[in-house]
Amino acid sequence: MKKSLKNLSSIFYNLSIYYSIIGFLSILALLGLRDFGFSAVWQIGVSVAAAVVSGVFFDYLEQKKVVLTPGPFISGLIIGLVGRFGEQFFVLILISIFAMASKFFFKLYGRHVLNPAAAGLFLGMVILGSFPAWWGGSSYPLVFYIWIAGLLLKFKRWAPLAGFIIPAISTGGPAILWSGSFLFFSTVMLIEPMTSPIKKNSGFIYGIFISLGFFVFSRFTTLDPLIPSLLLGNFVGRVLDRHI
Amino acid sequence: MDKKIIIGTFLVVAAGVFVWVVTPKPVQEDKGASTATATPQPLRSPDGSETRAAAKLIVINDISVSPDTITVKQGEMVKFLNQGLVPHQINSDPHPTHTIYPPLNSIGLLKQGEGRSMTFPDKGTYKYHDHLNPKLVGVIIVE
């Protein structure tokens, strides 16, 4: 028993953030299966398959070899859980392709700068008219708080979270803390390791910037406010990390 | 913090989530309702006598909300009915945070044929949308 606990403990502490996110998103997918039946599974499955295939393709263009990384799985899961529920499959496939293509085309300081899922969802919104629904986990805010505890304990990604949530409460009110969609964005997309700042100071400023963007986009546009604010924040965060 | 406590907590929570997922959900109210009006709710006339009026009905199908703008009296019942083929989730504006009028979020997820009612005790204009398809929007004006 002691050895099993030790092994589990070792697994927990060696688990990378990428596989942890995949695990968490899979739990949200299960909850979606419970609420919506197999429609949820098909939506997520199509998005993941399209993201993985296009991810492998674009990675091959860049590296001249076939590589399979966690990134496309994560992007596909996010697109499936955030995209409009019941969306046509070809739209989901295009959004996933856009997402993986953004890693190839939009780089800053040698690596991709935009959150891939957010880039795909943004292009899906403005070109295809497919507005994100943020349905994944929207009825289960408590699950996100368990995830937040894990994020803070193990990965210590509190700076972007704090920078984003504190101003957002002042504009959206405390009810925002029980919004599954808001929590999904904050705890999955905002803190994505490759496109959010590594340093605490720049992470905090990045979170504040995105919170301001959320306020502006929600007041003055009809776009989903979270996605474009994140994309702008990705650029700002990359510059901050380099210069602060 | 002791590693064993962390692992133990994680395992308990994981087990809880598993049980939660596999447990059958409770039956939703108003399941299978297909009538055009809901159960009438008594309203008081100015002279104190009771009058009966049907709840105002909002029908959601997969491409529209009908009527998309509805005017009701304070305290009057409004029923949301899903007559589409896919689930719809009625939430307060704005999307996706639903914070302007949180009581509207109690309508929530409506599967095919399901309906749910609520009253609006205060005057005002209440905007809502289908969280799963944010282009489906509506307005309730309470006078």
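Per chain, numbering begins at 1; letters A, B, ... match sequence-line order.
- Put simply, the side chain of His95(B) never gets that close to the backbone of Asp224(A): no donor and acceptor are under 3.5 Å apart.
- Contact between Lys111(B) and Arg34(A) at its shortest, heavy atoms only, is NZ-O, 4.2 Å.
- Among Phe182(A), Trp134(A), Trp178(A), the one residue that satisfies the side-chain contact (heavy atoms from CB on, under 4.5 Å) test with Thr97(B) is Phe182(A).
- Between Pro96(B) and Ser179(A), the shortest heavy-atom distance links the atoms O-OG, 3.5 Å.
- Looking at every heavy atom in both residues, Phe36(A) comes nearest to Pro87(B) through CD2-CG, 3.8 Å.
- A 6.0 Å sphere centred on NZ of Lys56(B) holds more than 12 heavy atoms belonging to other residues, nucleotides or ligands.
- Proximity to chain A is limited to the side chain of Pro102(B), based on heavy atoms less than 4.5 angstrom apart.
- A distance of 10.5 Å separates CZ in Phe85(A) from CG in Asp130(B), rounded to the nearest 0.5 Å.
- Using a 4.5 Å cut-off between heavy atoms, Pro174(A) makes no contact with chain B at all.
- Going from atom CG of Asn91(B) over to atom OG of Ser139(A) covers 8.0 Å, rounded to the nearest 0.5 Å.
- Neither the backbone nor the side chain of Leu183(A) comes within contact range of chain B; no heavy atoms are under 4.5 Å apart.
- In this structure, the separation between CG on Leu132(B) and OG on Ser138(A) is 6.5 Å, given to the nearest 0.5 Å.
- Nearest heavy atoms, Lys135(B) versus Gly129(A): NZ-O, 3.1 Å.
- Within 6.0 Å of OH in Tyr126(B) there are more than 12 heavy atoms belonging to other residues, nucleotides or ligands.
- Annotation: Phe89(A), atom CZ; neighbour count of heavy atoms from other residues, nucleotides and ligands within 6.0 Å is above 12.
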